[in-house]
There are 4 protein chains.
Amino acid sequence: MIDVGVLGATGYTGVELIRLLGRHEQVQLKFATSRSNPDRSLAQVFPGAPDFNLIDPEHAALEDVDLVFLCLPHEQSAEAAAAALQAGTRVIDLSAAFRLADADTYRRWYGQRHPAPELLDEAVYGLTETERERLVGARLVANPGCYPTTVLLALYPLLLESAVSGQVIVDAKSGVSGAGRTPKLASQFVEVAEDLRPYSIGRTHRHLPEMEAILARWSDTKPRLIFSPHLVPISRGLLSTLYIPLRSDWVEPQLHDLYLETYTDEPFITILPVGEVATMRQVNYSNRCVIGMTEVDGTLVVTAAIDNLQKGAAGQALQNMNVVFGFEETTGLL
Amino acid sequence: MIDVGVLGATGYTGVELIRLLGRHEQVQLKFATSRSNPDRSLAQVFPGAPDFNLIDPEHAALEDVDLVFLCLPHEQSAEAAAAALQAGTRVIDLSAAFRLADADTYRRWYGQRHPAPELLDEAVYGLTETERERLVGARLVANPGCYPTTVLLALYPLLLESAVSGQVIVDAKSGVSGAGRTPKLASQFVEVAEDLRPYSIGRTHRHLPEMEAILARWSDTKPRLIFSPHLVPISRGLLSTLYIPLRSDWVEPQLHDLYLETYTDEPFITILPVGEVATMRQVNYSNRCVIGMTEVDGTLVVTAAIDNLQKGAAGQALQNMNVVFGFEETTGLL
Amino acid sequence: MIDVGVLGATGYTGVELIRLLGRHEQVQLKFATSRSNPDRSLAQVFPGAPDFNLIDPEHAALEDVDLVFLCLPHEQSAEAAAAALQAGTRVIDLSAAFRLADADTYRRWYGQRHPAPELLDEAVYGLTETERERLVGARLVANPGCYPTTVLLALYPLLLESAVSGQVIVDAKSGVSGAGRTPKLASQFVEVAEDLRPYSIGRTHRHLPEMEAILARWSDTKPRLIFSPHLVPISRGLLSTLYIPLRSDWVEPQLHDLYLETYTDEPFITILPVGEVATMRQVNYSNRCVIGMTEVDGTLVVTAAIDNLQKGAAGQALQNMNVVFGFEETTGLL
Amino acid sequence: MIDVGVLGATGYTGVELIRLLGRHEQVQLKFATSRSNPDRSLAQVFPGAPDFNLIDPEHAALEDVDLVFLCLPHEQSAEAAAAALQAGTRVIDLSAAFRLADADTYRRWYGQRHPAPELLDEAVYGLTETERERLVGARLVANPGCYPTTVLLALYPLLLESAVSGQVIVDAKSGVSGAGRTPKLASQFVEVAEDLRPYSIGRTHRHLPEMEAILARWSDTKPRLIFSPHLVPISRGLLSTLYIPLRSDWVEPQLHDLYLETYTDEPFITILPVGEVATMRQVNYSNRCVIGMTEVDGTLVVTAAIDNLQKGAAGQALQNMNVVFGFEETTGLL
């Protein structure tokens, strides 16, 4: 049994996390913070959320818990992580603050100096399936972005075998909760409901360096990505369609076996039969990642779907917590 | 051929109006204003809108047009109306500024003194079907609210005959565009998409005094309303379900005949056969109001549907313009 | 620990039930049937559903389980219930087959003779909060309809005190999953997405006699209902807005206390503070019923929201199972 | 002034066409047919549609009109086209019957012999912008598929200059109305609303041979496509995201100029500034095609959006009619 706190509890990620924590029998939620709504119940601020009292982040007793989850903007996360670690408390950060191992890359993409560069080395990138060993007992976990979770899980088996021969195209589609809960015109119902909208196309989205840095660790082939996210009129869900040029010596049945073997025994990864496609509905409200594939003219077309708030955020954070503390990995997630 | 201007062009109502004006052959749009986006094209500010250059309201030459439409917040509308009338220009105001004939009632419901009380007497309430004669040549038209348009058209035939015997219940449902385009949490896609939400229930919504004032003009019975608006996850559309206690001497076939006769020759009113119901889809993107009715145990259940941006706002404004200037009433609207 | 089976597993209700059963630690799912898809996995027939093998209903070993849930059309349910009871197996029926205690009323509303009238006396109406004592150990439970669940819970406290003075108006709004999974034009995405649609208005919907029969058991005042269901473009959720004429000796604070007292200790009923409204989002994916109220001119306006697939169907079925077998009532539902 | 008829009036395409025809001043609609609903009004069969009487197709006087539009399944279209031409009546066919110039290709992709192969030579492929000259006075027009309209308009300028260096990837997203109005499980609201779903990925969709045949006519480079359509929870709209490998001598500004020049004076094509993206909302309820582009690492990423029922079907059919009969091309479409 461990005690945990959540900093930044009133966004979509924070609420999803608190819901999941409520079903986990080895965890006790000690506090949940909100800068804008301290002293109210979470259920008042977020209809349907658990009835848990919020406190001001200033009053969060970091030293009294074993772990804090950070559901904060990345600038605030970096500072909160440093404070928690100093208090001897483990951290799982759901922001982008510690996803890039390199402070210069951070500066280039986030337009400011990293607030806690001394912690970058220690942070473990929390893509559970590929980083499991490093996660055990980790003090600081950088939970992956939602898009990178699908893209990296879809490419990992190929990269291990250096089976990719060139530029990879990722055409990704995300539900609107991925844009956060702060009101903005682009997220208003009427603007979204009649629209499907590409954005940050090519090599401009902040998830790009995150993905390419991890790919580079897996293989010297270091494939470059073209990454095209699209906003779709759906609340939650994320689907990436990848177009991957193959080294010519790979054929479809081998590739499928490769995926099956790589992810054998993985409780949250489902490899579909050849020719079937992943869809958002297959993973709605679950922590699973479903992967489908078809080979076409030397290109592997891979579809990978997750629930952006679960495997793409809060679910994977809980999965990581389970690994860090040695709980059964699926606890609270099935 | 007349020249018109639109003040406040970038909201849902303003854009709908500019689209409709583009199809009207006897009208020339001379200017459209935006305080926040002057010197840009409307299409840049509102995807899919006509490519028309916006100007700062300070530069609007009110005196150069025959008519201005005001798609502004009610406080600004009152001032703009005064300025336009002084410049000798007619006004159709789509805000609530001139809907209440009584300055005290305005003060009570809008929490401030009326900015131009001297104009209240002149303002004609623009429910076209019932006010047509007063609209001809009017200098200042107060375009009705979206909810009142359905409720008043649904009650008008009964009121003329004093057929209502008591309190009328109005359970109304509106699409999200009715809440305007300014970003707010309650209008965010994720908040709306999984929800159906009553609000301002009972006798608290500002459309209540507007409706009851008009009802009082039509009949001494002055029925009181219980008014329950609901927000539904749909972009546009408005449906009111009315529960009307009948004087005992009225029976269903008579009532149906009464509606048919009252609205005979009305190009935008459709009375359904007894037992059929109005639905939002029947009026989507049209200026029609569809009305259905069923008598149950002495209560007349009436359903009335409009497109909130057309008959509930911009469409009726155009219809009123046609009447004011003596054009064919359906021009630009079929 | 008990063994259960589900007959008719591939509809929205069946899948929701199987999901919930998967989280209940004192229940083992032994079989799930599908006439149209035997020998396939549920996950193949319903994306995202658990990976459980379906069997033909002919092969369901009713005698091997302690309980069967019937998620079948009402005609089939009546026959299956008789077979299960004969095999010594308890039944929770989610269809309308045993909701009406009277075979004549059934015949009038469902257009056919009741297939198993001898069982009607034994069937317990499964509105858990009001029928808890009769449910303990029951052999045959008739799970309530989705609309009646909200309407009856909203009226129960008032009926006990005979506080209702006349006709009650129920304006109800339901998500599309309530219409079932069999393809029909009226449930197609394009037909629904742009629409809000009343149907079976007045005194024609089959849930009407179900509601009035229960109300009559609670009070001699036997209020008649006007019942207006509406279909809304949302997948799941149900909201009823009730307009209830009050006996003149009741005032708002008393009424609120009455609700609080009646439902004190009820784990799934939430009474909101006076003036607040129930919304669908407050109960999304939960087994709760949220009730709000406001008194207006002698009429109590009550809003009551449930998730139609949980408290309106599968959730309440599980809650009833917990009561029947003496488990903690909230097991598997929080 | 010409007289026209519509065969197959009650689907999404037929109704859209009849709405557009209602605004066209040089056209008189003489008949509209429905096999399943003869002798009813279109408005009864399709809420919100014009109130036009349907007739049985057997009673359609083909010889009395100048043109028939065929909104039928492709098998029926082929026969109806032959009958109409024999009666001396021009034909615009919105089905796939005459889109493939080659009867063998048709047989391979549609699984049956072509019902009227003798007409294939005469059929003009109705992509208005590229086939305008052949359309003037044409007797038989094969209106393009919705996906091909975006893909072909997006590739045309590059093909003319042979600027494409290899395999083109098309990741396309379509609204649900593209799947037609016949009820099916995959189009039910609940199935669609929570989902985003790829289908017929790779080289299996019937629009693939249509697109590649036209591309082959424009350039010897004959690029092969990988084509991945996705179904999105939106009623209408279509967006294709294309990834086009460029011959190395082309740079972004040149490419943009090429598009601007190719489509200069085209009333329905909008080329966005470099770096901007096309979205569905920009073209909602219009006959426009909006095209955006960005060059990334030698790949041109093009986004192309249309309203699938207008430029993707009924709108382009009307545009073609205007060209065939020598009317102003934009009549009835702005």
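Here is the naming used below: chain letters follow the sequence lines, and residue numbers restart at 1 for every chain.
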Exercise: identify the closest heavy-atom pair between [X] and [Y]:
X        : Y        : value
D/Gly202 : A/Val296 : CA-CG2, 3.8 Å
D/Tyr243 : A/Val170 : OH-O, 4.3 Å
D/Thr299 : A/Gln167 : OG1-OE1, 3.2 Å

Engaged part of [X] at the chain A interface, taking heavy atoms whose separation is under 4.5 Å:
X        : answer
D/Val190 : both
D/Arg224 : side chain
D/Glu191 : both
D/Ala193 : backbone
D/Leu196 : both

Winner by heavy-atom pair count (cut-off under 4.5 Å) against chain D, out of [options]:
options                                : result
A/Val283, A/Val301, A/Ile234           : A/Ile234
A/Leu239, A/Thr204, A/Leu231           : A/Leu239
A/Val277, A/Asp195, A/Ile226, A/Thr279 : A/Asp195

Give, for atom [atom1] of [X] and atom [atom2] of [Y], the distance between the pair rounded to the nearest 0.5 Å.
X        : Y        : atom1 : atom2 : value
D/Asp307 : A/Glu194 : CG    : CD    : 11.0 Å
D/Tyr199 : A/Thr303 : OH    : OG1   : 15.0 Å
D/Thr241 : A/His230 : OG1   : NE2   : 3.0 Å

If you count heavy-atom pairs within less than 4.5 Å of chain A, which of D/Arg197, D/Met280, D/Arg281 leads?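 Greatest number of close heavy-atom pairs with chain A: D/Arg281.
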At a heavy-atom distance under 4.5 Å, which candidate from D/Ile201, D/Asp297, D/Val232 has the highest pair count against chain A?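 Looking at each option in turn, the highest pair count goes to D/Asp297.
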Go through the atoms of A/Asn284 and report whether side chain, backbone, both or neither lie under 4.5 Å from a heavy atom of chain D. side chain
Under 4.5 Å heavy-atom distance to chain D, tell me which part of A/Ala278 shows up: side chain, backbone, both or neither. backbone
Counting only heavy atoms not in A/Lys184, do more than 12 fall under 6.0 Å of its NZ? yes
Got more than 12 heavy atoms from elsewhere within 6.0 Å of CG, A/Asp249? yes
Evaluate D/Asp171 against A/Lys173 for side-chain contact (heavy atoms from CB on, under 4.5 Å), listing each step before the verdict. CA-CA 11 Å; D/Asp171 193 287; A/Lys173 299 91 179 168; 3.0 Å; yes
